[in-house]
Amino acid sequence: SKSRRRRSTMTIGGSVDWKGNPIDREVHGGVRAAWFMYVANVVMNMVIVPNLLNLVTYLHGTMHMGVSSSATTVTNLVGATCGFALIGAFLSDSYIGYGLLALQAYRPSLHPAPCNTEADLSSCKEVHGRNATLLYAALYISAFGDGCIRTCIPSLGADQFDRKDPSESRQQSSFFNWYTFGVSLGGFIGLILIVWLQNYKGWDVGLGACAILVLFGLLVVAVGLPFYRNQVPEGSPLTRILQVLVVALRNRNLELSEKLEEAEDSRTGTGTGFVQVPPQRKSLKFLDKACIHHGKDGDWSVCNATKVEETKIVLRVLPLFFSSMIAYVSNTIVFTLTVQQGGMTNTSLGKIHVSPATLFIIPITFQLIMLAVYDQFIVPFLRKRTGYVGGIAHLQRIAIGFASMILAAVIAAVVEKKRKEAVVQMSLFWLAPLVLPAWRGRRDVVHRAPGVLQQRGATGHEVDRHGVVLV
């Protein structure tokens, strides 16, 4: 048993436990460690999803902002959340932001007096001055925490599996599917519970519950610390990329040989000697010149092959980064437009009043069912025919997401045209056909970006450090 214990205790791809010791496969990582991320992911999205969808109602109805101002504020908030993901530090202080929002909704002196915004918005006093400052500060503190969470949970989860182990490689592929399942499950629960609390018990109660849930999610992640495989930090990723570009530019006139002598790594104090540039990395070969050792040592004089390959990974996904950024603009507008359109329709289902934000339960329910069927039945079937561990490539899934976004925008335009021409108030459920492709597009584009980096050879920690999940 001692020899088995020694074999299970090792460092995998630079992974250590939370105390910096070599990991034990029987204790650290794997599905058990991923469960902490699953629970935290569900809890966090119980807060994030309903608030992003229902926030337009709060800004318009309680803060008396105009329809366009409310939509613009929410769109900017979504952009800030994605932008803060670039920071990539696990600073989950979004519960502070939700706490401030709850306080503002609770204290009458911190928000405008109630009035009928549907009858005559011009007679309602819009939030301004110090109260407006408090509102935006709370919103963007929440966006900061949500953005960091969005980056770190999938990359930390991916680090719990060794891609070189066939069994753990399949588990890693399933992790992304079940991570997406957790996003939908959290959104499903949140759109029922949180939206109900906000609309019927008061925004102060709903936002207060959000603050408690986010804090609980943070505690769940903290409890799992003894079970995680953690990557050792290696400095700023932007600095490492810049070093490769600068050194490659300096060495542009030097001849590149097959074997490259590398300088001693000044951070670890260990020499790497001679290394072979990986044969599968034939593109962007001019960057390999950064590995040429011409007598000078130091990070700004010579780079190791690992640093060069990390830079290549980032440069290869830049087209995906920019295309996703452009496509996501219309997707966010469709989400805010749907809630605004829903507020102008007949929201009655018999004697039940349906909140426009709750309409997104339809695509989420469909996705929950499809994800379970996909992971358990469709993926094994496709894996045998395509050779991909995940059934199909992540880029193919993202392509499906782009097509879904286009379809959602077209349907939204058709429904809006019909709503304007309608003699009587149209039913809320006319919006159902557009929320399905809109949600599907968001899932496939946003949540598959980390998988693309993994497929290109990046570890979960590299996904986090390079911050490319900004898409």
Side-chain angles (χ1 to χ4, degrees), residues 31 34-55 78 81-82 85 146-147 149-155 157-158 172-196 210 213-214 216-217 220 324 328 331-332 334-335 338-339 354-379 390-392 394 397-398 400-405 407-408 431-451 469 471:
V31 176
W35 266 106
F36 292 98
M37 266 74 77
Y38 290 146
V39 174
N41 183 40
V42 171
V43 172
M44 298 298 183
N45 281 282
M46 284 176 61
V47 175
I48 296 172
V49 172
N51 276 291
L52 286 180
L53 294 176
N54 206 31
L55 191 59
V78 172
T81 302
C82 296
D146 293 344
I149 292 168
R150 180 179 296 186
T151 301
C152 296
I153 287 185
S155 58
Q172 186 188 72
S173 177
S174 292
F175 168 80
F176 285 111
N177 289 332
W178 289 110
Y179 170 80
T180 307
F181 181 90
V183 174
S184 298
L185 180 60
F188 178 86
I189 299 173
L191 286 172
I192 295 175
L193 175 63
I194 300 300
V195 171
W196 179 79
C210 291
L213 285 171
V214 173
F216 173 73
V220 169
S324 299
Y328 200 66
N331 192 245
T332 305
V334 167
F335 281 133
T338 301
V339 177
V354 181
S355 171
T358 310
L359 192 65
F360 284 88
I361 287 179
I362 297 173
I364 289 178
T365 303
F366 177 78
Q367 182 173 299
L368 286 171
I369 298 172
M370 284 303 300
L371 277 172
V373 174
Y374 178 79
D375 188 76
Q376 296 299 313
F377 301 102
I378 299 178
V379 168
I392 61 175
H394 290 288
R397 299 181 189 184
I398 290 176
I400 295 173
F402 280 138
S404 299
M405 286 180 174
L407 180 61
L431 302 176
L434 78 90
V435 296
L436 182 59
W439 187 264
R440 171 61 188 262
R442 178 185 181 275
R443 175 181 69 86
D444 283 336
V445 173
V446 177
H447 298 141
R448 291 299 168 184
V469 286
V471 298

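In this chain, numbering begins with 1 at the start of the sequence shown.
Summarising the geometry of Gly217 relative to Ala40, their closest heavy-atom pair is O-CB, 3.8 Å, with the distance given to 0.1 Å. Residues Leu191 and Thr358 come closest through the heavy atom pair O-OG1, 3.7 Å. Across Ile194 and Met46, no two heavy atoms sit closer than the pair CG1-O, 3.3 Å. In terms of heavy-atom proximity, Gly157 sits nearest to Phe175 at CA-CZ, 3.4 Å. Here the closest heavy-atom approach between residue Ala357 and residue Val195 is recorded as CB-CG2, 4.4 Å.
Going from atom OG of Ser184 over to atom CZ of Phe360 covers 12.5 Å, rounded to the nearest 0.5 Å.
Applying side-chain contact (heavy atoms from CB on, under 4.5 Å) to Val183 and the options Asn45, Ile48, Ile364 leaves one that passes, Asn45. Each of Leu368, Val42, Leu193 was checked for a side-chain contact (heavy atoms from CB on, under 4.5 Å) with Phe188, and the lone residue meeting it is Leu368.
Distance alone, capped at 3.5 Å, is enough to place a donor-acceptor pair between the Asn41 side chain and the Tyr179 backbone.
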